[in-house]
2 protein chains.
Amino acid sequence: MPQLGLLHGRAWATLLGQLRQSPGALCLRAVHSHSQVSEAVLTSQLKPHQEKSNIIIKTPKGTRDLGPQQMVVREKILDTVVSCFKRHGAKGLDTPAFELKEMLTEKYGEDSGLIYDLKDQGGELLSLRYDLTVPFARYLAMNKLKKMKRYHVGKVWRRESPTIAQGRYREFCQCDFDIAGQFDPMIPDAECLKIICEILNGLQLGDFLIKVNDRRVLDGMFAVCGVPESKFRAICSSIDKLDKISWKDVRHEMVAKKGLAPEVADRIGDYVQCHGGVSLVEEMFQDPRISQNKQALEGLGDLKLLFEYLTLFGIAGKISFDLSLARGLDYYTGVIYEAVLLQTPAQPEEEPLNLGSVAAGGRYDGLVGMFDPNGHNVPCVGLSIGVERIFSIMEHRMKTSSEKIRTTETQVFVATPQKNFLQERLKLIAELWDAGIKAELLYKNNPKLLTQLHYCENMGIPLAVIIGEQELKEGVIKLRSVPSREEVAIKRENLVAEIQKRLSES
Amino acid sequence: MPQLGLLHGRAWATLLGQLRQSPGALCLRAVHSHSQVSEAVLTSQLKPHQEKSNIIIKTPKGTRDLGPQQMVVREKILDTVVSCFKRHGAKGLDTPAFELKEMLTEKYGEDSGLIYDLKDQGGELLSLRYDLTVPFARYLAMNKLKKMKRYHVGKVWRRESPTIAQGRYREFCQCDFDIAGQFDPMIPDAECLKIICEILNGLQLGDFLIKVNDRRVLDGMFAVCGVPESKFRAICSSIDKLDKISWKDVRHEMVAKKGLAPEVADRIGDYVQCHGGVSLVEEMFQDPRISQNKQALEGLGDLKLLFEYLTLFGIAGKISFDLSLARGLDYYTGVIYEAVLLQTPAQPEEEPLNLGSVAAGGRYDGLVGMFDPNGHNVPCVGLSIGVERIFSIMEHRMKTSSEKIRTTETQVFVATPQKNFLQERLKLIAELWDAGIKAELLYKNNPKLLTQLHYCENMGIPLAVIIGEQELKEGVIKLRSVPSREEVAIKRENLVAEIQKRLSES
């Protein structure tokens with residue numbers, strides 16, 4: 001019966017082929033073929049293109065599509081990152097793309113203006129998440145969890161003025177790892193820095209440095225320099241810009257825009273030039289002003305302990321205590337860090353890229369308490385990998401390399417040299433799919449053999465199976481190695497096993 | 001030098017332990033310790049909890065977090081789905097969460113009111129994507145691509161009145177597979193149905209059925225029943241509700257709300273009761289009214305060819321031609337389909353769930369042309385897997401099963417029976433991490449051995465390495481199998497190799 005149906009079907013296909021023009025034309029024609037063509041139907045089905053020629057087809061400002069080649073790179077990065085997070089025992093978590101607007105209020109300081117709000121369409125007021133940290137704290141408070149080690153990979157949205165060339169987007173992917181819970185000091189913090197090192201090493205991005213500071217050292221420094229406490233966070237935001245603009249411009253912003261006394265700014269200027277290893281921590285302990293500030297001493301004590309653990313982890317050489325590191329976000333309370341790549345392009349002909357930080361994080365012991373109705377806190381420390389900037393580097397590298405990247409994983413192509421063999425090709429490919437083999441064919445009734453073989457070569461498909469009348473009669477299939485063009489005849493019943501054997505060998 | 005630093009560090013840790021209370025308290029204390037406590041600083045650092053006790057900590061209506069156990073289930077589903085898409089040669093694609101508002105206009109018919117708009121904060125007007133199909137069509141048009149086979153896994157957002165018990169959310173994950181390009185009829189369409197079968201079989205969701213219809217058969221049926229053409233899409237939307245509400249209610253909506261003549265509604269009623277296999281296609285060819293309609297005949301011809309290919313794929317038994325299947329979305333132009341699970345709960349004690357469709361799709365040959373400034377079309381056909389509904393079933397099954405699900409992948413736990421062994425534990429765990437072994441320890445200076453071993457057992461960690469003074473002296477490590485509690489001493493330098501051997505055996 002299927003055979004009979006098939007013949008009918010083929011006749012139908014021919015008939016339909018005659019009826020059919022381009023499907024869009026077909027659709028418009030169908031509309032016009034009726035007597036009462038109403039404007040409403042035309043509009044809802046296919047708007048005549050004359051009316052929309054002024055629309056530019058694009059993605060929103062600061063966003064982009066990732067095409068197949070880019071997806072291969074993205075997946076490679078995420079694989080490295082997520083397997084590192086799992087190596088450190090993290091559990092997965094996912095949260096909604098938007099939160100109640102009030103959940104994001106007063107968490108981001110000056111950056112709050114960059115939050116995307118949703119339109120009030122009735123009901124709750126919502127905002128797109130700005131990072132994965134605040135949703136994590138909200139999750140902990142909501143579920144009254146006192147400890148958790150989790151990772152989260154997801155998109156976040158920020159209404160920044162994008163300079164896409166620098167890898168800054170309005171939509172971007174973050175990979176976060178955080179440790180929540182009351183633990184002995186600096187052990188989780190050191191692990192976060194170890195993770196950043198493992199990931200940056202794993203991605204082979206070249207040499208890098210992790211700048212470390214402490215919010216309490218920073219605040220203590222502000223206090224001893226004479227910054228009024230009400231200006232701490234605002235000055236922090238200015239200092240945070242030191243990796244993008246010069247000290248002169250930062251100083252100007254602090255004095256002219258934020259009303260800081262010039263001599264106070266200059267005192268800060270002396271400190272923010274300091275960076276070094278654990279010896280700088282010791283030096284700061286001796287600093288006549290800093291050593292008078294209790295907060296700063298607590299921060300320095302933690303940094304000293306941190307360096308000790310980093311030495312045990314074998315990564316102290318990658319870490320720099322840097323008094324200019326500020327981190328703009330309001331929620332940090334202790335150690336903060338930021339990883340930067342040291343610019344030695346892999347290829348001499350590569351242009352240097354301005355990449356900013358590729359990973360960052362810190363301790364935020366007060367954030368969960370902001371959500372908890374009783375103000376109960378859960379100390380947290382974590383890190384975020386900036387996928388987009390890493391992506392820019394890897395994509396750039398990919399473009400300058402001659403290596404061809406496969407965008408599909410197809411293992412076997414089903415081909416025929418003969419006309420009217422669609423039936424057999426369909427039966428054969430179903431057999432392969434059902435055996436878990438990645439297989440493709442051309443969606444044509446009668447494709448040319450050369451077209452089929454070219455497709456295999458262009459797409460990098462390693463194997464082709466070829467079926468024709470002769471093979472059908474003999475109960476065999478030709479198995480072709482695409483790179484070597486060698487062909488052997490395999491009994492039909494042994495085909496799947498032979499393919500699996502060949503694939504496991506390669 | 002590191003050793004010396006370590007001693008200093010430990011002394012510091014003790015000192016800090018005395019200084020430190022709960023970190024939240026520490027932070028507030030730090031603020032109060034200054035003479036000029038300004039309101040601004042208090043607000044921006046830690047808002048006193050009295051002020052916010054009226055805020056309910058929750059996710060937005062119709063959304064949810066996925067905790068670690070749920071993430072394990074989600075990942076299992078996505079793995080099955082994505083590996084099937086890759087088996088069929090699809091390339092990956094990602095698009096932004098939001099699109100220019102005008103890109104989504106006039107694509108969704110009556111559902112357009114469910115689109116989330118972003119607030120106008122200056123600049124472009126944006127909307128969250130409603131599905132992954134329209135962004136794909138926009139991508140094709142924007143890049144002038146004439147063919148592409150791609151998959152896309154991502155969240156979409158719809159302002160539906162959510163009944164979460166039925167697995168309906170306002171934010172949900174879709175897994176789409178689409179084939180764009182001008183090909184011979186029904187070959188890609190048949191592959192889409194094959195993919196749905198492979199995925200539903202692979203997920204072991206029990207028996208299922210895929211309802212198939214064609215937009216042209218539906219429109220032809222409307223025409224011959226006497227529906228004015230201006231009402232086609234509106235009546236289509238009503239018919240689409242037949243799986244949720246009764247024919248009586250659908251009829252009422254069509255007559256009372258959409259102004260259809262009662263006798264026209266009754267004629268439609270006769271047809272929408274029809275469902276069956278390829279024989280029903282033949283029957284419809286003979287139907288005195290339907291056979292007068294050219295559009296309907298084209299649709300029936302394609303369905304006949306489709307059934308032929310489905311027979312070759314061995315899945316015709318899973319497919320039902322169903323004249324009540326309508327699909328609400330405006331953009332479909334040809335074959336449409338929807339997979340439903342047949343309700344036989346896996347366990348007799350399981351309550352039956354109302355699950356709706358778990359996969360759906362169809363042909364949309366006019367959508368890309370709506371974006372192209374010259375109206376050039378690219379025929380497309382595709383499918384979407386409804387992850388949330390599948391997730392509901394699998395989660396329900398998981399809850400009723402006694403099997404314990406691991407939420408981490410940790411392979412080795414680093415333990416010590418002795419005090420003051422943090423140093424050695426940190427050195428040892430860094431060695432394991434650097435060898436790619438998934439390892440954890442407790443973030444305590446002096447955890448109890450029993451606490452450490454309990455942690456391994458609770459978390460299902462298979463191996464523990466134990467280091468104490470004796471082991472350190474002898475240059476060995478104790479390797480413990482957590483389930484059997486057997487311990488052997490291994491030379492320190494052989495530890496990584498022995499662990500890797502044990503893990504590869506299990």
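Chain naming here is simple, since letters A, B, ... match the order of the sequence lines and numbering starts at 1 in each. Atoms considered below: every heavy atom in the structure, side chains included; atoms not considered: hydrogens, waters and symmetry mates.
Under a 3.5 Å cut-off, the side chain of Asp117(A) and the backbone N or O of Lys119(B) do not form any donor-acceptor pair. Put simply, the side chain of Glu124(A) gets close to the backbone of Lys61(B): a donor and an acceptor are under 3.5 Å apart. Of the possible donor and acceptor atoms, none in the side chain of Arg138(A) sits under 3.5 Å from a partner among the backbone N and O of Thr59(B).
Put simply, the side chain of Leu128(A) reaches to within 4.5 Å of the side chain of Phe98(B), judged on heavy atoms. Taking 4.5 Å as the limit, every side-chain heavy atom of Leu93(B) sits out of range of all side-chain heavy atoms of Leu66(A). Between Tyr116(A) and Leu126(B), some side-chain heavy-atom pair lies under the 4.5 Å cut-off. The side-chain heavy atoms of Tyr443(B) and Asp184(A), taken from C-beta on, include no pair separated by under 4.5 Å.
Using a 4.5 Å cut-off between heavy atoms, Ile429(B) contacts chain A through its side chain alone, with no backbone atom that close. Looking at Glu102(A), the atoms closer than 4.5 Å to chain B (heavy atoms on both sides) all sit in the side chain, from C-beta outward. Only the side chain of Glu191(A) comes within less than 4.5 Å of a heavy atom of chain B; its backbone N, CA, C and O stay farther away. Only the side chain of Ile179(B) comes within less than 4.5 Å of a heavy atom of chain A; its backbone N, CA, C and O stay farther away. Of the atoms belonging to Lys86(A), heavy atoms from both backbone and side chain fall under 4.5 Å from chain B. For Glu75(B), the part lying near chain A is the side chain, with the backbone staying farther off; criterion is any non-hydrogen pair under 4.5 Å. Neither the backbone nor the side chain of Ile315(A) comes within contact range of chain B, judged by heavy atoms closer than 4.5 Å. Heavy atoms of Ala97(B) lying under 4.5 Å from chain A belong to its backbone as well as its side chain. Residue Gln70(B) does not touch chain A at all, counting heavy-atom pairs closer than 4.5 Å. Only the side chain of Glu171(B) comes within less than 4.5 Å of a heavy atom of chain A; its backbone N, CA, C and O stay farther away. Interface remark: Lys194(B) contributes side-chain atoms only to the contact with chain A (heavy atom separation under 4.5 Å).
Put simply, of Glu99(B), Glu424(B), Lys155(B), the one with the most heavy-atom pairs under 4.5 Å next to chain A is Lys155(B). Of the listed residues (Gln411(B), Arg74(B), Arg150(B), Lys149(B)), the greatest number of heavy-atom pairs within a distance under 4.5 Å of chain A belongs to Lys149(B). For the options Asn143(B), Asn446(B), Thr408(B), heavy-atom pairs under 4.5 Å to chain A are most numerous at Thr408(B). The candidate with the highest count of non-hydrogen atom pairs below 4.5 Å against chain B, out of Ala141(A), Gly123(A), Gly436(A), is Gly436(A). Here Gln121(A) is the residue among Met71(A), His376(A), Gln121(A) with the most heavy-atom pairs under 4.5 Å with chain B.
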Might you work through the side chain to side chain contact (heavy atoms under 4.5 Å, CB included) test for Glu198(A) and Asp434(B), ending with a clear yes or no?
CA-CA 8 Å; Glu198(A) 286 179 28; Asp434(B) 292 340; 4.2 Å; yes
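Atoms CE and CG, from Met186(A) and Asn445(B) in turn, are 12.5 Å apart once rounded to the nearest 0.5 Å. Summarising the geometry, atom CZ belonging to Phe371(B) is positioned 14.5 Å from atom CD1 belonging to Ile56(A); distances are rounded to the nearest 0.5 Å. Between the CG atom of Asp65(A) and the OG1 atom of Thr95(B) there is a distance of 6.0 Å, given to the nearest 0.5 Å. Going from atom CG of Leu441(B) over to atom CD1 of Ile187(A) covers 7.5 Å, rounded to the nearest 0.5 Å. For the atom pair OG of Ser83(B) and CD of Glu409(A), the computed distance is 9.5 Å after rounding to the nearest 0.5 Å. Between the OH atom in Tyr309(A) and the CG atom in Leu426(B) there is a gap of 7.0 Å [rounded to 0.5 Å].
Nearest heavy-atom pair, Met142(B) versus Lys58(A), reported as atom, atom and distance to 0.1 Å: SD-CA, 3.7 Å. Taking every heavy atom of both residues into account, Thr410(A) and Gly89(B) meet most closely at OG1-CA, 3.4 Å. When all heavy atoms of Lys91(B) and Met459(A) are compared, the closest pair comes out as CE-CE, 3.8 Å. Of all the heavy atoms in Ile57(A) and Met103(B), the pair that sits closest is CA-CE, 3.7 Å. In terms of heavy atoms, Pro68(A) sits closest to Met148(B) at CG-CE, 3.5 Å. Across every non-hydrogen atom of Lys444(B) and Phe183(A), the tightest pair is NZ-CA, 4.1 Å.
The aromatic rings of Trp433(A) and His88(B) sit tilted relative to each other, their planes meeting at an angle between 30° and 60°.
Taking the charged nitrogens against the carboxylate oxygens, Asp94(A) and Arg64(B) have no contact shorter than 4.0 Å, which rules out a salt bridge. A salt bridge is defined here as a Lys NZ or Arg NE, NH1 or NH2 lying under 4.0 Å from an Asp or Glu carboxylate O, and Arg87(B) with Glu440(A) fails to meet this definition.
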